[in-house]
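Some notes on the structure that comes next.
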Amino acid sequence: MHNIMRKGVITAGLLSSALALPAWAAKDAVIAVASTFTTLDPYDANDTLSQAVAKSFYQGLFGFDKDMKLTNVLAESYQTSSDGLTYTIKLRPNVKFQDGTDFNAAAVKVNLDRASNPDNHLKRYNLFKYVASTEVVDPLTVKITLKQPFSAFINNLAHPAAVMISPAALQKYGKDIGFHPVGTGPFEFVTWNQTDFVKVKKWDGYWKKGYPKLDSITWRPVVDNNTRAAMLQTGEATFAFPVPFEQAKLLEKNSKLDVVTTPSIMQRYISLNVTQKPFDNPKVREALEYAINRQALAKVAFAGYATPATGIVPPAIDFAQTYPAIAYNPAKARELLKEAGYPNGFETTLWSSHNHSTAQKVLQFTQQQLAQVGVKVKLLAMDAGQRAAEVESKGQKESGVRMFYTGWSASTGEADWALTPLFATSSWPPAIFNTAFYSNPQVDKDLADALKTTDRSQKAKLYKDAQDRIWNDHPWIPLVVEQLLSANNKNLSGFYVMPDTSFNFDEADLK
């Protein structure tokens, strides 16, 4: 008896030291992020963060590199028919899902049939609504036919929502697939403790030999800005995003950390309701553009981590146009207001789509700047509920929106998603987000024609014409393009924040 007991003790001792070892030996990266995850089914997630975490275990046919350039992932190549309606995609061979199911054309069909069926009420249906049918040509060739030409379709397939889920897992878990992800990605899902973390571990069957380099990733939601920064200081987190602008200087002093800024595709602007006085007058709209000092705004509200807008589409987006900087010229603003019949200015309201501290700073700064040219604005920073009720669900006749501070990030990396939802007549609320109620028939035609052509030079011409017209119509006060601020332990390499606030960690490694 005594002997057996001693054996038991020895085994237990060995076991506990074996358990303690991986904490030192294993390459586990702890990633502190700003909010909890809504679902691990990217097709049903509206937030980029949930889709970014899903990249651990899921991949799409196409994707973006860290500079938002299109890349082939599970697709090797594609061809488009001359009428722009049919896409024939060749698939990467010898790829399996983490449950052993083959990745092939039949799997692509299952996923696209699910995504393009409105009866499934998936939040990302809009990206796939033009799909008429998906056919299996042979095991490694799939043919997708669209209801109408949509030349940004491959960019839609590269969006972080458009991933390939194991058909066997979809059949097994049905609507609960968001809790049981099975993909072709480098890591397999281990556990999701809903309040605390998502854990993934290296998958040995991954098709890309020698990858992933990390053994595991723990995704940890940490809502409080300062706590996220503190976890880097103590070593509890390997990487944190976003890092509060005001903490950057402190973190830079820590020799174990790197603070990294990345250009974003988040454009910040104030839309002006052009159907309402005095904003129906283009001179008034132009005057307001001269009234704001963008360089100072970037310093005051964004601690210098923003660049003045050079157009209405951020430079990292395909087909973006750049224009000469709008000068800060309050005298010119007053002169234009006078010409427009408002020598003493006017009173109006400025709403914001968010009520966090950065948005509050933008509102107060804008209020002070406009007061200097005689424009008095009442401020209202909205939470998500107010925004849905007052802005997103009201049409032009009943809308109370006048000046509206908000932002937009086009996660398809292409000009259509940066322009159509914000400037097309068909995008007036409650349809989408054209809060300026802007309407220009030639712009509408340019945007529609650009989707019908697959000729790149033709598209560039149409998108340039649309942007030139919008720029000269002044439906917005373009403000800044934000920079993204992350920080990481110097031992971590190859982990990036992408311009759409998603992550690229294909090459991530810990030394």
If only atom types and distance count, is the side chain of [X] paired as donor or acceptor with the main-chain N or O of [Y] below 3.5 Å?
{"X": "Q467", "Y": "F319", "answer": "yes"}
{"X": "N111", "Y": "I165", "answer": "yes"}
{"X": "S427", "Y": "T420", "answer": "yes"}
{"X": "Q59", "Y": "G183", "answer": "no"}
{"X": "Y43", "Y": "V163", "answer": "yes"}
{"X": "W428", "Y": "Y438", "answer": "yes"}
{"X": "D258", "Y": "K490", "answer": "no"}
{"X": "D416", "Y": "A152", "answer": "no"}
{"X": "N120", "Y": "L122", "answer": "no"}
{"X": "S502", "Y": "M498", "answer": "no"}

Are [X] and [Y] close enough that their ring centers fall under 6.0 Å?
{"X": "F179", "Y": "W192", "value": "yes"}
{"X": "Y78", "Y": "F62", "value": "yes"}
{"X": "F97", "Y": "W207", "value": "no"}
{"X": "F57", "Y": "F187", "value": "no"}

Below 4.5 Å, heavy atoms only, C-beta onward: do [X] and [Y] meet side chain to side chain?
{"X": "P167", "Y": "T101", "value": "yes"}
{"X": "L49", "Y": "S35", "value": "yes"}
{"X": "I270", "Y": "T366", "value": "yes"}
{"X": "V362", "Y": "L297", "value": "yes"}
{"X": "P475", "Y": "I470", "value": "yes"}
{"X": "Q267", "Y": "W476", "value": "yes"}
{"X": "P421", "Y": "W408", "value": "yes"}
{"X": "D506", "Y": "Y211", "value": "no"}

Taking all non-hydrogen atoms of both residues, which atom of S151 and which atom of A450 are closest, and how far apart?
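Closest pair (atom of S151, atom of A450, distance): OG-O, 2.9 Å.
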For I217 versus I31, what's the shortest heavy-atom pair and its separation?
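Taking every non-hydrogen atom into account, CG2-CG1, 3.7 Å.
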Looking at [Y] and [X], is any side-chain nitrogen of the basic one under 4.0 Å from a carboxylate oxygen of the acidic one?
{"X": "R220", "Y": "D196", "value": "yes"}
{"X": "R268", "Y": "E482", "value": "yes"}
{"X": "K199", "Y": "E188", "value": "no"}
{"X": "D41", "Y": "R114", "value": "yes"}
{"X": "R456", "Y": "D318", "value": "yes"}
{"X": "R124", "Y": "D44", "value": "no"}

Please state whether the rings of [X] and [Y] are parallel, tilted or perpendicular, taking 30° and 60° as the class boundaries.
{"X": "F503", "Y": "F239", "value": "perpendicular"}
{"X": "W471", "Y": "Y323", "value": "parallel"}
{"X": "F153", "Y": "Y87", "value": "tilted"}
{"X": "W219", "Y": "F495", "value": "tilted"}

To the nearest 0.5 Å, what is the distance between CG (N489) and CG (L510)?
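One gets 7.5 Å once the value is rounded to the nearest 0.5 Å.
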Reported CG-to-CE distance for the pair L363 and M403, which is rounded to 0.5 angstrom:
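The CG atom of L363 sits 10.0 Å away from the CE atom of M403.
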Dump the intermediate steps for side chain to side chain contact (heavy atoms under 4.5 Å, CB included) on V142 and V136, then the final yes or no.
CA-CA 5 Å; V142 69; V136 174; 5.5 Å; no
Candidate pair T238 and N491, rule side chain to side chain contact (heavy atoms under 4.5 Å, CB included), full reasoning
CA-CA 8 Å; T238 326; N491 291 337; over 6 Å; no
For residues Q360 and N355, is any side-chain donor paired with an opposing acceptor at under 3.5 Å?
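N355 and Q360 do not have a side-chain donor-acceptor pair below 3.5 Å.
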Could you give me the CA-CA distance, side-chain angles and deciding distance for D500 and S409, then say whether side chain to side chain donor-acceptor pair (under 3.5 Å) is met?
CA-CA 6 Å; D500 69 344; S409 164; over 6 Å; no
Please determine whether the number of non-hydrogen atoms from other residues, nucleotides or ligands lying under 6.0 Å from atom [atom1] of [X] exceeds 12.
{"X": "Q295", "atom1": "CD", "value": "no"}
{"X": "N94", "atom1": "CG", "value": "no"}
{"X": "K143", "atom1": "NZ", "value": "no"}
{"X": "K55", "atom1": "NZ", "value": "yes"}
{"X": "K256", "atom1": "NZ", "value": "no"}

Residue pair T453, K459: steps toward the side chain to side chain donor-acceptor pair (under 3.5 Å) verdict:
CA-CA 7 Å; T453 178; K459 278 179 85 145; over 6 Å; no
Identify all side-chain donor-acceptor contacts of residues 379-392 below 3.5 Å with residues at least two apart in sequence or on another chain.
unit_1	atom_1	unit_2	atom_2	d
D383	OD1	G385	N	3.1
D383	OD1	Q386	N	2.9
Q386	OE1	D383	N	3.1
R387	NE	E392	OE2	2.9
R387	NH1	S353	O	2.6
E390	OE1	K394	NZ	3.4

Applying side chain to side chain contact (heavy atoms under 4.5 Å, CB included), run through Y496 and F505 and close with a yes or a no.
CA-CA 6 Å; Y496 310 101; F505 46 93; over 6 Å; no
Expected list for residues 68-76: side-chain donor-acceptor pairs under 3.5 angstrom, two or more places apart:
unit_1	atom_1	unit_2	atom_2	d
T71	OG1	G63	O	3.3
N72	ND2	E76	O	2.9

Determine all donor-acceptor pairs shorter than 3.5 Å in which one atom belongs to a side chain in residues 308-315; sequence neighbours excluded.
none

For a side chain to side chain contact (heavy atoms under 4.5 Å, CB included) check, start with the C-alpha distance between T80 and T86, then their side-chain angles and the critical distance, and finish with the verdict.
CA-CA 6 Å; T80 315; T86 309; over 6 Å; no
Working for salt bridge (charged side-chain N to carboxylate O under 4.0 Å, His left out), residues R228 and E236
CA-CA 9 Å; R228 243 185 348 270; E236 285 169 89; over 6 Å; no
